[in-house]
Amino acid sequence: MANIKLKEFLYGGDYNPDQWPEEILNEDIRLMKYFNVNAATFPVFSWAKLQPEEDRFDFEWLDKIINLLYENGIYTVLATPTAAQPAWLSKKYPEILPVDEYGRQRKHGARQNYCPNSPVMKEAVRRVAEEMAKHYKDHPSILLWHISNEYGPYCYCEKCEKAFREWLKDKYKTIENLNEKWYTSFWGRTFYDFDEIVVPSFLNEHVTLLGTVTCMQALSLDYNRFMSDSLLNLFKIEKESIRKYMPDTPITTNLMRDYKPLNYYKWAKEMDVVSWDCYPTIKDHPSSIAFQHDIMRGLKDGQPFLLMEQSPNQVNWQTYNSLKRPGVMRLYSYQAVAHGADSVMFFQWRQARGSAEKFHSAMVPHVMHENTRSGRELKQLGEELKKLNKIIDSKIDAKVAILFDWENWWALEYSLGPNNSIRYSQHVEYFYKSFFKKNIQVDIINPRSDLSKYSLIVAPLLYMMNEDISKKIEQYVASGGYLITTYLSGLVDENDLIVLGGYPGWLRKILGIWVEEIDSLYPDMKNSIIVNNPSLDFNGEFECSTICDVINLEGANVLATYGKDFYKNTPAVTENTFGNGKAVYIGTKPSEEFLDKLFDYYLNSLNIKPILYVPDGVEVTKRQYENVYFIFVINHNDYEIKINLDKEYYNMLSEQKISGEICLAAKDVLILTI
Ligand code: GLA
Ligand code: ZN
């Protein structure tokens, strides 16, 4: 994977030695060795110490720590400290401070608090990255570069506004073209010159009462594209400075799950390896966490990723910061590996004594020693991971893919209507969960990527499309693929203009239907889906909600109809044969039970089977390369379960052969190979 030279699971975490007196270093080393730590990520937030004055860099303290760790077998994930600028920089160049969505100029403080289009900021980050790369280029300890930290949020200042106008000129060439593409004749919003275009914010376009929606979607969408690119540009500036001196060392930045503001597909193209920070709440369903891991694995076409941060125990920034129950830290670590992670890293090594994160857990808590419940779990995990190095670089081979797209997300939630309460990623996760429960592996992919290797593609709420995506999907189905898509799909182009001539626009031909009306239901309004169809292997009445499309057939067969309202008995779910494949439309948000049955039906027809048959609440995944494979059996339940193995396996954790009936304790994990 991304040529990280250490072929071991990276185990360790964010390290902040500059928060502590130097004397603690030897104790850090003792404890790191005790826990089997092999990598530390630093100095993520040490810009103030590395560059205390504009023309003075101080690497001496850092050299000492990197060297000492290296002498003790601990490698460095070298971070650039640019997520929080030093006070002198903001004071001398206030232009780097950002403006928020309400038009307020922010003051120095916190972190991720700068304008990405400030020339001073760009030069400042370039310089730190370059100085660091020059200084550490020959150091054998550097495994990986970790640029900045959790990029985001957007800025709305005048510098950004000017840069945005240039970006628009470059994209649309003439103002007439922009007017046409943005449909500015509506509300007389015609622009006569690029310099009249204003950044979209709560001061103009955003509709405050409805949260995510906006008045001129095309403008807001372009601002998202521009801002995601602006922040990415900062990353690229640092990356290029590092590459000059260290062309072979991989470079990453830590992403945050399905973070809406940044188009991570574009970001991942610039990263050698994807890494991310995973912080579920105690209430999250295991499928929610799995969904996020699969998004991360999909960013670079299935390449393994790094779990860069998770908390050893509780966090401090959720409203209620529950402890991780016994076994859960280990369980979640293996769940990450089961979905493609090649590391288990934590935030952070030593629990901070003061400031924002003093109540956030760390590998070494305030008691300052290892004899704690969490300490014992960390020690065990560190020892176990050493037995698993063969898993590194292995991949997941899924037959099912779910399409997920940032630009579509932005467009769907900027749109005023038809239903302003819909949250895209929650809906996609809803469809994902059905496969998760069945232990069918799923890739989450960009609609622009290669679809041909999948037997079944699910495209929930694929609202925004273009010629290219539409052709890809058409070819996929024509050549034998199965497509299941839903309400709110195929409706608009890349500027949020409706595809005229009947919904669902881009998908009408493939689906063989015409959606005449889109009904949007209040939360307490429900309808039902009636299945009474000899071609399906189930029947009954199932609840549905949120959106009900009124559908006319244009060649498709009816799989199910509505149970109520003026569209009672009209099609709710349809199937169309298109070329050698099939295209299914679900015109409403169905109950979980209906989805489970419908997906079962198609999985059976396509002969897609789970890796193992196990009791509910047990997750199974498989990673593989060439003829070798690894099966993960993860018991999320609070009770022991029994499973029957289909053959003899080698249990990598117990280092024994096993077969037949196996008991797996609550929150325990089995990792099998042959
Ligand atoms: C993020 C950051 C870390 C830390 C953790 C706390 O992931 O990258 O610096 O603040 O959250 O959970
Ligand atoms: Zn700005």
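All ligand and atom numbering here is 1-based and tracks the order in the structure.
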Quiz item: With the Zn ion (ligand 2) at the center, what angle do SG from Cys157 and SG from Cys160 span, rounded to 10 degrees?
Solution: 120°
Self-check item: Lys433 to Phe291 six-membered ring, cation-pi geometry met (6.0 Å, 45°)
Solution: no
Quiz item: Just by distance, with hydrogens left out, do Glu619 and His636 show a side-chain donor and acceptor under 3.5 Å apart?
Solution: yes
Exercise. Under 4.0 Å, heavy atoms only, figure out whether ligand 1 is touched by the backbone of Arg111, its side chain, both or neither.
Key: side chain
Self-check item: Contacting atoms of ligand 1, where contact means under 4.0 angstrom from a heavy atom of Phe45
Solution: 9 (O)
Practice problem: Give a yes or no on whether a salt bridge exists between Arg243 and Glu240, defined as a side-chain N under 4.0 angstrom from a carboxylate O. | Solution: no
Quiz item: Salt-bridged, Glu130 to Arg127, with N to O below 4.0 Å?
Solution: no
Quiz item: Is the shortest side-chain N to carboxylate O distance from Asp58 to Lys49 below 4.0 Å?
Solution: no
Practice problem: With heavy atoms only and a cut-off of under 4.0 Å, state how Asn316 meets ligand 1: side chain, backbone, both or neither. | Solution: neither
Self-check item: Atoms in ligand 1 flagged as close to Glu150, the criterion being non-hydrogen separation under 4.0 Å
Solution: 1 (C), 2 (C), 7 (O), 8 (O)
Quiz item: Any idea which atoms of ligand 1 are less than 4.0 Å away from a heavy-atom of Asn254?
Solution: 8 (O)
Quiz item: Going by the atom numbers of ligand 1, which of them fall below 4.0 Å from some non-hydrogen atom of Glu357?
Solution: 4 (C), 5 (C), 6 (C), 10 (O)
Quiz item: What atoms of ligand 1 come within less than 4.0 Å of a heavy atom belonging to Phe347?
Solution: 3 (C), 4 (C), 5 (C), 6 (C), 9 (O)
Quiz item: At the Zn ion (ligand 2), what's the angle from Cys155 SG to Cys115 SG, rounded to 10 degrees?
Solution: 120°
Quiz item: Among side-chain atoms of Glu384 and Tyr334, is any donor-acceptor pair under 3.5 angstrom?
Solution: yes
Quiz item: Using heavy atoms and a threshold below 4.0 Å, how should the contact between His360 and ligand 1 be classified: side chain, backbone, both, or neither?
Solution: side chain
Quiz prompt | Any side-chain donor near an acceptor of the partner, Thr281 and Asp284, under 3.5 Å | solution = yes
